[in-house]
Amino acid sequence: MKLICCNAEIDRIEAWFLKDIENFTARRLFFANCPICGQPVITLYEKRIADNKVFIDANIRGLNAVKTLYREKSRIVTKICNLDKNNLYGWIYGKNVEIRNKKKEVTQIRQYSSDFHGNKTLSKKIFAQSLSS
């Protein structure tokens, strides 16, 4: 889910979940306006029903993006606005990582929140002083 325009990755996007069409299912469209040039940028994901092959039309810009937006506007099932690219989606689980020094003593524990798509964010750091007490 990367939208790139003017050699920069766009942080805030809009996600559209679309109705299935005759040959394609699991359709998603990610849309944003470039903060530098102002052009619309989209990426369309869809899976072909016949062989389950996934097609990704990435970083469509300008007039082609506008045409695609108007064509798909009538097929929107759900729209999620202002998604941050660093958000975690779906089921989230915790992961603890111990940081040790050369003497093999735990000096810090880092707690991460992870989702099943490979994204993770640092939630909390616990330092050695708070571990001993």
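- Counting heavy atoms from C-beta on, the side chains of Cys5 and Ile36 never come closer than 4.5 Å.
- Figure legend: cation-pi geometry between Arg28 and Phe17 absent, as NZ or CZ is not positioned both under 6.0 Å from the six-membered ring centre and within 45° of its axis.
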Practice task
Check the pair Leu122, Arg110 against side-chain contact (heavy atoms from CB on, under 4.5 Å), reporting the backbone distance first and the verdict last.
Solution key: CA-CA 7 Å; Leu122 180 63; Arg110 294 183 183 170; 3.9 Å; yes

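- Between the side chain of Thr43 and the backbone N or O of Phe30, no donor-acceptor pair lies under 3.5 Å.
- Asn59 places a side-chain heavy atom less than 4.5 Å from the side chain of Leu3.
- Scanning all heavy atoms of the two residues, the minimum distance from Cys34 to Cys37 falls at SG-N, 3.5 Å.
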Practice task
With side-chain hydrogen bond (donor to acceptor under 3.5 Å, both in side chains) as the test, would you mind laying out the steps for Ser123 and Ser113 before giving the verdict?
Solution key: CA-CA 6 Å; Ser123 300; Ser113 298; 2.7 Å; yes

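- Under the 4.5 Å side-chain heavy-atom criterion for Ile, Leu, Val, Met, Phe, Trp and Tyr, Ile56 and Val41 are members of the same hydrophobic cluster.
- Residues Gln39 and Gly62 approach most closely at OE1-N, 3.5 Å, considering heavy atoms.
- Identified under the salt bridge (Lys or Arg N to Asp or Glu O under 4.0 Å) test for residues 55-68, with sequence neighbours left out: none.
- Residues Phe127 and Thr107 are not in side-chain contact: their nearest non-hydrogen atoms beyond the backbone lie 4.5 Å or more apart.
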Practice task
Verify side-chain contact (heavy atoms from CB on, under 4.5 Å) between Lys125 and Gln108, making sure each step is shown before the conclusion.
Solution key: CA-CA 7 Å; Lys125 287 183 184 179; Gln108 189 181 122; 3.8 Å; yes

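- Interatomic distance, Thr25 OG1 to Asn52 CG, rounded to the nearest 0.5 Å: 9.0 Å.
- Interatomic distance, NZ of Lys53 versus NZ of Lys47, reported as 14.0 Å (0.5 Å rounding).
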Practice task
Could you walk me through whether Arg100 and Glu105 pass side-chain contact (heavy atoms from CB on, under 4.5 Å), step by step?
Solution key: CA-CA 5 Å; Arg100 299 178 181 266; Glu105 297 169 339; over 6 Å; no

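- The side-chain heavy atoms of Arg27 and Lys19, taken from C-beta on, include no pair separated by under 4.5 Å.
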Practice task
Please test Arg75 against Ile21 for side-chain contact (heavy atoms from CB on, under 4.5 Å), starting from the C-alpha separation and ending with a verdict.
Solution key: CA-CA 9 Å; Arg75 298 184 182 126; Ile21 56 175; 3.6 Å; yes

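- Taking both residues in full, the closest heavy atoms of Asp20 and Ala26 are given as OD1-N, 3.4 Å, listed atom of the first, atom of the second, then distance.
- Taking every heavy atom of both residues into account, Asn96 and Gln111 meet most closely at OD1-CG, 3.1 Å.
- For the pair Pro40 and Val66, the tightest heavy-atom approach, listed with the atom from each and the gap, is CG-CG2, 3.7 Å.
- Listed by chain and number, the residues in a side chain to side chain donor-acceptor pair (under 3.5 Å) with Arg48 are Asp51 (sequence neighbours excluded).
- Ile42 belongs to a hydrophobic cluster whose remaining members, ordered by chain and number, are Trp16, Leu18, Leu29, Phe31, Leu44, Ile60, Leu69, Ile76; membership requires side-chain heavy atoms of ILVMFWY residues under 4.5 Å apart, directly or through intermediates.
- There is a path of hydrophobic side-chain contacts, each under 4.5 Å, that joins Val106 to Ile126.
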